[in-house]
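Scroll down for the structure; my scribbles are underneath it.
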Amino acid sequence: MAVEKVNFVTLSGPMSHLDDVALACALSGVYHSDNASVLYSDVKGVSSVSIDNTYNEQCERLKALCDMHNISFDENVDTSDFDDDTRTIAEFITEFSAELNSLYEQKNKIDNEFKYFKENIESVVEFSKTDIDFKKLSECEFIKTGFGHIPIENYKHISENSEKLGFLFIPISKDELSCCGMYAVSVEMADKAERILARMRFSPVNISLIEECRNNANKLEDLANELNETNRKIDEYIKAKIEYASKCYFKLREKNEVEKIKGNGLTHKNNFILTGWIPKKDEKNFESMFSHLDGINITLSDGAKVLSISPPIKLKNNFLSRPFEFYVDMFGLPSYNEIDPTAFVAITYTLLFGIMFGDLGQGIVLSIVGWLMWKLKKMKLGRLLVPCGISSAIFGTLYGSVFGFEHALDPMYKALGFKGKPIEVMESQTINMIIYAAVAIGVTLVIVAMMLNIYSSLKKHNLGHALFSSSGLVGIMFYGGLVAGLLSTIFFGKNLFTPVYVIGLIVIPILAMYLQEPLINLVNRKKNPFPEKWGDYLIQSFFELFETMLSYISNTMSFLRVGAFVLVHAGMMMVVAILAGEPGSVSFVIVEIVGNIFVMALEGLLVGIQVLRLEFYEMFSRFYTGSGRPFKPVKIKEKIQH
């Protein structure tokens, strides 16, 4: 639950060393380049570094070419002694592109011809095996013939009613689904016969294709050989050129990144100034990158001391929390002096998902599916499903549900000394308990979110916000006091709402939230802490306070969906059980499998969305802004980022 510490780096020295310094920054793999004008724009005599970046276009051109043909660059290639000029590289790219496009154009032409011939051969192959003279048939003066395929049931109807229909259908070959053959009809009856055949889903074939199939018996094999030969040429050409292409790409990328770093710099009296960020743990290795250069000044400042220029954020979490960085990044990264909510999300999301989707069997399947999604497809969502599925399996064990079978674990409970399931979801008393528990979870998490807001505000040195905001100390006093008073009255019959209690925990916090803006300004010692127009402020603050009161209610009631989904899951699986009927039949197995898949897909999606909504709207809104920007170090090769 942390943001990795970063240092603000300032590099300066003679302009003659600018290229070398920028290259060292790029090759370090840990340098996040920033625009120096943000910090030094007010300094007299400074100007932007003039660059002429001609490398980006060529780099993107080569990358697009290789992406189009699914060619991967060799990241292990050594470019240290590669010094070909941009003109030579540009000529290679032009030649490489022309040759690849020519080879792939040839391949596509053969491939299209192969597919066309294969598809059409399959439809006429039976006709090509006959001794029928199609040319003579087509020259008949009084009889019209045609060839094609018809569904087997429609062929039977035609053969049984040929006299009534007025034409013959002569089969050439048949199978269980269709019949291929020839129809013969008088010229006068041809139109009527063709309309009947069309209604019976007759698919005609072209006679010229039949002749082509006869005359080119080996055409398909020849095309396949041509295609294999072309693929071999493509593979050999790529194998011969990929090393040089990789050197060109990474050298262009290196020069492009160097130019971009230089473009963020400033010049002052024939000296350069570059600024950026590096992880604090890498400062020694970074400084050593410039040991061979004379006259280079490196200044490192703690990121916490330069918050005004928004240090970039690199999250640092353990392997259990790391998958949930996906959701944090979706909402927005924390600012440098803000808490990282990843661990909080990991705990609460996993817990709430398990409660709402409690099923031992389905939870295990969900974890396996998530693991496969991550391992095979590298889908970030897959890593999230693994702990969520485990949580579902744990709560499913408490509910006694295994693929919707509510009593499958009864022998285990008896062996452990229980009279029945720990939680019988569909019992009326349990339903009330689930609803109360959902509200209790909501109250607890809302208060925890407020406490996190206090901690985050203190970390930002914003004492006023920690004390007087609606999610600060006065918010906890009001919300906690109101909830405690209601619980005491409803469940224990003891009225806590005495005058002292009401004034201390209800009235004073409300007044503090009503006047929170001037109070926060006073505590934070801001100039002119009071509003210019009290009348406008009091009216605006009244409506904001009213909205705050509603948010306390709505945030708490939103957690009722936690209990609702517990009941929905049990209800949906009960419907599946009813549809499946009595165990032992094939239909029972099919319905149970299909039903479980449907419930896992539908409810897994809905629960995932609903829990994320609780995270973002009911909890994040109270303590988290997510206004940070990502730490993006300059990298030449992808390996550098690992």
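This structure is a prediction, so every number in the text was calculated from the model and none was measured.
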**Q.** Side-chain ion pair, Glu229 and Arg232, N-O less than 4.0 Å
**A.** yes
Just so I know, are the side chains of Lys5 and Tyr336 near enough to count as touching, which here means a heavy-atom distance under 4.5 Å?
yes
- Task: Take atom CE of Met289 as the centre, draw a 6.0 Å sphere, and report whether it contains more than 12 heavy atoms from other residues, nucleotides or ligands.
- Result: yes
Across all chains, not counting sequence neighbours, the side-chain contact (heavy atoms from CB on, under 4.5 Å) partners of Met15 are Leu18, Thr267, Asn270, Phe272
Residues Asp81 and Asp78: closest non-hydrogen pair is OD1-O, 4.1 Å
- request: State, yes or no, whether a side-chain contact exists between Ser456 and Tyr624 at a heavy-atom distance under 4.5 Å.
  value: no
message = Using a 6.0 Å cut-off, check whether atom NE2 of His69 has over 12 heavy atoms from anything other than its own residue.
response = yes
For His17 and Asp294, the nearest pair of non-hydrogen atoms, with its separation, is CD2-O, 3.1 Å
Quick check against the 3.5 Å criterion: does Lys262 have a side-chain atom that pairs as donor or acceptor with the backbone of Asp19? no
If we count only N and O atoms by modelled type, under 3.5 Å, do the side chains of Tyr244 and Asp84 hold a donor and an acceptor together? yes
Here the gap from Phe395 atom CZ to Met356 atom CE, rounded to the nearest 0.5 Å, amounts to 12.0 Å
> Taking the inter-plane angle between the rings of Tyr327 and Tyr349 on a 0 to 90° scale, is it parallel (under 30°), tilted (30 to 60°) or perpendicular (over 60°)?
Replying inline: tilted
Donor-acceptor contact below 3.5 Å, side chain Arg629 vs main chain Pro311 = no
Determine whether more than 12 heavy atoms belonging to other residues, nucleotides or ligands lie under 6.0 Å from atom CZ of Phe598. no
Under 6.0 Å between ring centres, would you say that holds for Trp277 and Phe631? no
**Message:** Show, in sequence, the C-alpha distance, side-chain angles and deciding distance for Asn285 and Ser288, and conclude whether the side-chain hydrogen bond (donor to acceptor under 3.5 Å, both in side chains) test is met.
**Reply:** CA-CA 5 Å; Asn285 290 334; Ser288 68; 4.9 Å; no
Heavy-atom donor-acceptor pair, Ser102 side chain to Ala98 backbone, under 3.5 Å | no
Taking the six-membered ring for Trp, are Phe620 and Phe623 ring centroids under 6.0 Å apart? yes
Main chain of Ala224, side chain of Asn228: is a donor-acceptor contact present, judged purely on distance under 3.5 Å?
yes
Report task. Determine, using ring centers only, whether Phe250 and Phe82 are less than 6.0 Å apart. Result -> no
Check for a donor-acceptor pair, side chain of Asn231 on one end and backbone N or O of Leu227 on the other, with a separation under 3.5 Å. yes
Should the pair Lys255-Glu259 be classified as a salt bridge under the 4.0 Å nitrogen-to-oxygen rule? no
Given the options Val607, Val611, Leu352, Leu445, Val562 meets side-chain contact (heavy atoms from CB on, under 4.5 Å) only with Leu352
Check for a donor-acceptor pair, side chain of Thr350 on one end and backbone N or O of Ala346 on the other, with a separation under 3.5 Å. yes
Query - Cationic N near anionic O, under 4.0 Å, Asp67 to Lys63 - result: yes
Less than 4.5 Å apart, any side-chain heavy atom of Ile296 and any of Val21?
yes
Please work out which of the three classes, parallel, tilted or perpendicular, describes the rings of Phe290 and Phe286, given edges at 30° and 60°.
perpendicular
*Is it the case that more than 12 heavy atoms not belonging to Lys459 sit under 6.0 Å from its NZ atom?*
yes
- Message: Please determine whether a side-chain nitrogen of the Lys or Arg among Lys239 and Glu236 lies less than 4.0 Å from a carboxylate oxygen of the Asp or Glu.
- Response: no
Value for CG (Leu384) from CZ (Phe326), rounded to nearest 0.5 Å, stands at 7.0 Å
Separation between CD1 (Ile89) and CD1 (Ile93), nearest 0.5 Å, reads 7.0 Å
Side chains of Asp34 and Asn264: donor-acceptor distance under 3.5 Å anywhere? no
Say whether, by atom type as modelled, one donor and one acceptor occur between the side chain of Asn453 and the main chain of Ser471 under 3.5 angstrom.
yes
Between Thr275 and Tyr31 the two heavy atoms that sit nearest each other are O-OH, 2.8 Å
Flag the pair Arg613 and Glu618 as a salt bridge only when some basic side-chain nitrogen lies within less than 4.0 angstrom of an acidic carboxylate oxygen. yes
Measure the shortest side-chain to side-chain distance between Leu452 and Ile339 over non-hydrogen atoms and say whether it is less than 4.5 angstrom.
yes
- [ ] Determine yes or no for a side-chain-to-main-chain donor-acceptor pair under 3.5 angstrom, with Arg561 supplying the side chain and Ser558 the backbone.
- [x] yes
Report, one line per pair, each donor and acceptor closer than 3.5 Å where one atom sits in a side chain of residues 364-379; sequence neighbours left out.
residue	atom	partner	partner atom	Å
Ser367	OG	Gly363	O	3.3
Ser367	OG	Val386	O	2.9
Ser367	OG	Ile390	N	3.1

### Message
Strictly distance-based, threshold 3.5 Å: is any side-chain N or O of Ser97 a donor or acceptor partner for the main-chain N or O of Thr94?
### Response
no
Taking every heavy atom of Pro630 against every heavy atom of His32, the minimum-distance pair comes out as O-CE1, 3.5 Å
d(Ile309 CD1, Phe8 CZ) to nearest 0.5 Å is 4.0 Å
query: Going by distance alone, is a donor N or O of one side chain under 3.5 Å from an acceptor N or O of the other, for Asn524 and Asn462?
result: yes
Is the shortest heavy-atom distance from the side chain of Leu612 to the side chain of Met330 under 4.5 Å? yes
side-chain contact (heavy atoms from CB on, under 4.5 Å) test vs Lys280 passes for just one of Asp302, Leu300, Val6, namely Asp302
Margin query: Check this for me: Glu91, atom CD, are more than 12 non-hydrogen atoms of other residues, nucleotides or ligands nearer than 6.0 Å?
Written below: yes
So CG of Leu266 and OH of Tyr40: to nearest 0.5 Å the spacing works out to 9.0 Å
*Using 30° and 60° as the class limits, which term best fits the ring planes of Phe616 and Phe331: parallel, tilted or perpendicular?*
tilted
Could you give me the CA-CA distance, side-chain angles and deciding distance for Thr397 and Ile394, then say whether side chain to side chain contact (heavy atoms under 4.5 Å, CB included) is met?
CA-CA 5 Å; Thr397 304; Ile394 292 171; 5.6 Å; no
So does Asn70 have more than 12 non-hydrogen atoms from other groups sitting under 6.0 Å from CG? no
Checking side-chain polar atoms at under 3.5 Å, does Glu338 have a donor or acceptor matched by the opposite partner on Thr625? yes
**OP:** Identify whether the distance between the nearest side-chain nitrogen and carboxylate oxygen of Glu287 and Lys284 falls below 4.0 Å.
**Re:** no
- Item | Expected output: side-chain Asn108 to main-chain Tyr104 donor-acceptor under 3.5 Å | yes
Under 4.5 Å between any side-chain heavy atoms of Leu274 and Ser12, yes or no? no
Checklist entry - Quick one: does Met68's side chain get under 4.5 Å of Leu100's, heavy atoms only? => result no
Closest heavy-atom pair, Phe353 versus Cys388, reported as atoms and distance to 0.1 Å, is CD2-CB, 3.6 Å
> Heavy atoms, side chains only, cut-off 4.5 Å: are Met619 and Val446 in contact?
Replying inline: no
When you check the side-chain N and O atoms of Glu615 and Thr348, is any donor under 3.5 Å from an acceptor?
yes
Between the CD atom in Glu105 and the NZ atom in Lys109, the distance rounded to the nearest 0.5 Å is 8.5 Å
